Amino acid sequence: AHEPRGADPRAVVVVHRDADLLVVSKPPGVPCHGGAGLGVRRTLLELLKEDVLGGFGLAHRIDQDTSGLVALVRTPELRARLADAFARDGEVEKEYEAIVEGVPDPPTGTIDLPIAAPGHGTKARTDRRWGKPARTDYAVIEAFGDAARVRAVPVTGQTHQIRVHLAAIGTPLLVDPLYG
């Protein structure tokens, strides 16, 4: 058994803490919580065990391999308010940076393709018939030959949305075993 990269609790950085809200910077390779097929991986909740036992719980999630800010809250009321805000498209502004294969053309735009959520053992896909509305705004920040650094802003919140959308326009994440 081995620990995934970033599983060292010192790698989880507390960005903000008050009586009701805890915001941490989650490293890549650490799932937010347990689930099917995780095996021996340590989760963010396990790394923050004392805080979780102190009453903080996840208000939202980000993908296991994504680094970024995660909010945990203490009260059920605040958890419900934040979960509702994250569930409503456009209520919470989210922005991601990614390195992609190729350079998107045009260098700025909107990807507006419905996404069908993954089933057990499958991956999400664009699907105009069965998919749910999904929109991602993007802009090339820097291009370097056969790759680019892209800012992606999901307007909606479908599973693996940025990964699916960038792959759909021919510029998948540079290191993405599922969609790349």
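It should be emphasised that the depicted structure is a prediction, and the values quoted were computed from it without experimental measurement. Below, all heavy atoms of this structure are taken into account, side chains as well, without hydrogens, waters or symmetry copies. The first residue of the sequence shown is numbered 1, and numbering continues consecutively from there.
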Can you check side-chain contact (heavy atoms from CB on, under 4.5 Å) on I169 and Y138, steps first, answer last?
CA-CA 11 Å; I169 65 167; Y138 71 90; 4.2 Å; yes
L45 and L72: CA distance, side-chain angles, deciding distance, side-chain contact (heavy atoms from CB on, under 4.5 Å) verdict:
CA-CA 10 Å; L45 291 180; L72 296 94; 4.0 Å; yes
For side-chain contact (heavy atoms from CB on, under 4.5 Å), just list the numbers for L178 and H160, CA-CA rounded to whole Å, side-chain angles, deciding distance to a tenth of an Å, and then say yes or no.
CA-CA 10 Å; L178 192 58; H160 298 171; 3.9 Å; yes
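Cluster annotation: L58 is not connected to V73 through the hydrophobic network of ILVMFWY side chains, with a link wherever side-chain heavy atoms come within less than 4.5 Å. Grouping the Ile, Leu, Val, Met, Phe, Trp and Tyr side chains by contacts below 4.5 angstrom, directly or via other members, places F144 apart from I141.
By the neighbour-count criterion of 12 heavy atoms within 6.0 Å, atom CZ of R61 is sparsely surrounded, having that number or fewer from other residues, nucleotides or ligands.
Contact detail for S67 and I62: the closest heavy-atom pair is C-CD1, 4.0 Å. Nearest approach of H165 to T126, heavy atoms of both residues: CD2-CG2, 4.5 Å. Counting all heavy atoms, side chain and backbone alike, T156 lies closest to R135 at OG1-N, 2.9 Å.
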Ignoring hydrogens and angles, write down the donor-acceptor pairs under 3.5 Å from the side chains of residues 11-30, residues two or more places apart or on other chains.
{"residue": "H16", "atom": "NE2", "partner": "D18", "partner atom": "OD2", "Å": "3.0"}
{"residue": "R17", "atom": "NH1", "partner": "D51", "partner atom": "OD1", "Å": "2.6"}
{"residue": "R17", "atom": "NH2", "partner": "D51", "partner atom": "OD1", "Å": "2.8"}
{"residue": "D18", "atom": "OD1", "partner": "D20", "partner atom": "N", "Å": "2.9"}
{"residue": "D18", "atom": "OD1", "partner": "L21", "partner atom": "N", "Å": "2.7"}
{"residue": "K26", "atom": "NZ", "partner": "V30", "partner atom": "O", "Å": "2.7"}
{"residue": "K26", "atom": "NZ", "partner": "D63", "partner atom": "O", "Å": "3.4"}
{"residue": "K26", "atom": "NZ", "partner": "Q64", "partner atom": "O", "Å": "2.9"}
{"residue": "K26", "atom": "NZ", "partner": "T66", "partner atom": "O", "Å": "2.7"}

N/O donor to acceptor pairs below 3.5 angstrom from side-chain atoms of residues 92-119, sequence neighbours left out:
{"residue": "E95", "atom": "OE2", "partner": "R151", "partner atom": "NE", "Å": "3.1"}
{"residue": "E97", "atom": "OE1", "partner": "R149", "partner atom": "NH1", "Å": "2.8"}
{"residue": "T110", "atom": "OG1", "partner": "D137", "partner atom": "OD1", "Å": "2.7"}

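Under the rule for a side chain to side chain donor-acceptor pair (under 3.5 Å), the partners of R125 that lie at least two apart in sequence or sit in another chain are D127.
Y179 places a side-chain heavy atom less than 4.5 Å from the side chain of V164. In this structure, the side chains of H60 and V70 come closer than 4.5 Å at one or more pairs of heavy atoms.
R74 CZ to R79 CZ: the interatomic distance, rounded to the nearest 0.5 Å, is 10.5 Å.
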